[in-house]
Amino acid sequence: MKSIRSFIHQSLIGLAILSGMAGFATSVEAEVITGQLGNIRAEISYEQPQEYQYKNVQIKIVRAGKIVLEQNLPQDSEYDRPIGALLDKNDQNKLPVLDLDGDKEPEVVADFFTGGAHCCTYSLIYRYDSKANQYKKIRHEWGNGGYRLKDLDQDGLPEFESRDDRFAYAFTAYAASGYPLQIWQYRQGKMIDVTRRYPKLIYAHAFKLWQTFLSARNEVDNGKGFLSAYLADKYMLGQGEDGWQKVKQAYKGSDRNKYFADLRKFLRETGYIK
């Protein structure tokens with residue numbers, strides 16, 4: 001139950017070659033990503049006829065030797081591919097199969113990357129419905145980032161440690177944007193934001209954001225991307241007013257009045273200011 005996914009990097013692996021002669025093309029062999037826990041086995045297969053191109057993405061889940069789910073997966077584009085395709089071939093966690101909610105029934109977590117300079121990653125999480133004898137799924141968007149799967153409260157069940165990607169580009173360029181901490185739990189078919197249950201982690205995250213701001217405040221946009229995320233963390237700690245005092249003292253940009261007004265509005269719209 002160690003970290004299964006890190007924030008996705010942009011390096012890609014593999015190159016499938018599609019060649020033809022006299023109007024005929026050779027068939028492309030499907031690549032397969034697998035994961036297993038007990039008698040539950042999951043597979044994702046795909047074809048890669050050209051570099052950066054992925055087709056015929058399919059998922060199959062087998063229970064005790066019987067196929068329960070087998071279907072094609074819709075793709076946002078031909079660049080949309082399973083993240084397992086980007087990982088080292090020796091990585092054992094390409095397709096996680098594990099119990100996320102403590103009901104002793106493993107879920108399948110299929111992660112995908114849509115391609116592009118920064119965006120986007122998402123997860124398809126499959127849960128078994130014993131009454132219907134079928135798998136039901138939800139899709140959770142991670143945006144530009146991803147997640148790390150960790151048992152943060154030591155209860156034997158993992159949490160998804162991530163970031164609030166709504167802050168990307170909100171006040172500055174992507175490279176200078178900061179992000180509040182986000183922690184999610186999967187429970188009976190739903191993703192629940194439980195970030196505020198972890199004040200020690202939020203505090204440590206806010207501290208790092210403040211240190212990053214101090215290092216970056218003389219660079220792009222006077223570091224206001226990091227201040228924005230810092231203030232969101234402070235609100236989750238119930239320290240919004242203290243956070244505002246520090247932000248107003250620290251930010252010296254010529255647009256400070258507009259920035260503060262926009263930031264307050266944004267924090268209200270995103271639910272940090274209740």
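Below, each value reflects all heavy atoms present in this structure, side chains not excepted, and no hydrogens, waters or symmetry copies. We number each residue from 1, following the sequence as shown.
Between G178 and F226 the shortest heavy-atom distance is CA-CD2, 3.8 Å. Across K136 and Q134, no two heavy atoms sit closer than the pair CE-NE2, 3.5 Å. Closest approach of A232 to P180, counting heavy atoms only: CB-CG, 3.5 Å. For the residue pair P106 and V97, the shortest heavy atom distance occurs at CB-CG1, 3.8 Å. A pairwise comparison of heavy atoms in H205 and D233 identifies ND1-OD2, 2.7 Å as the closest pair.
S123 and D111 share a side-chain donor-acceptor pair at under 3.5 Å.
Less than 6.0 angstrom separates the ring centroid of F266 from the ring centroid of F167. Close placement of the W210 and F213 rings is indicated, their centers lying within 6.0 Å of each other.
Within 6.0 Å of OH in Y203 there are 12 or fewer heavy atoms belonging to other residues, nucleotides or ligands. Counting non-hydrogen atoms of neighbouring residues, nucleotides and ligands closer than 6.0 angstrom, the NZ atom of K104 reaches no more than 12 such neighbours.
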Decide side chain to side chain donor-acceptor pair (under 3.5 Å) for S162 and Y179; before the verdict, give the C-alpha distance in whole Å, the side-chain angles of both, and the deciding distance to 0.1 Å.
CA-CA 9 Å; S162 186; Y179 304 88; over 6 Å; no
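Under a 4.0 Å N-O distance rule, the pair D165/R163 qualifies as a salt bridge. We find that R139 and D76 are joined by a salt bridge, their nearest charged nitrogen and carboxylate oxygen being less than 4.0 Å apart.
Annotation: side chain of L149 is in contact with side chain of L98 (closest heavy-atom distance under 4.5 Å).
Geometric assessment of R81 against the ring of Y46 yields a negative cation-pi assignment under the 6.0 Å and 45° thresholds. A cation-pi arrangement, defined by a distance under 6.0 Å to the six-membered ring centre and an angle within 45 degrees of its axis, is present between K224 and Y259.
Each of Y122, F160, W184 was checked for a side chain to side chain contact (heavy atoms under 4.5 Å, CB included) with H140, and the lone residue meeting it is W184.
A distance-only check finds a donor-acceptor pair linking the side chain of D101 to the backbone of Q188 [under 3.5 Å]. A donor-acceptor pair is defined here as one N or O able to donate and one able to accept, closer than 3.5 Å; such a pair exists between the side chain of T121 and the backbone of G145.
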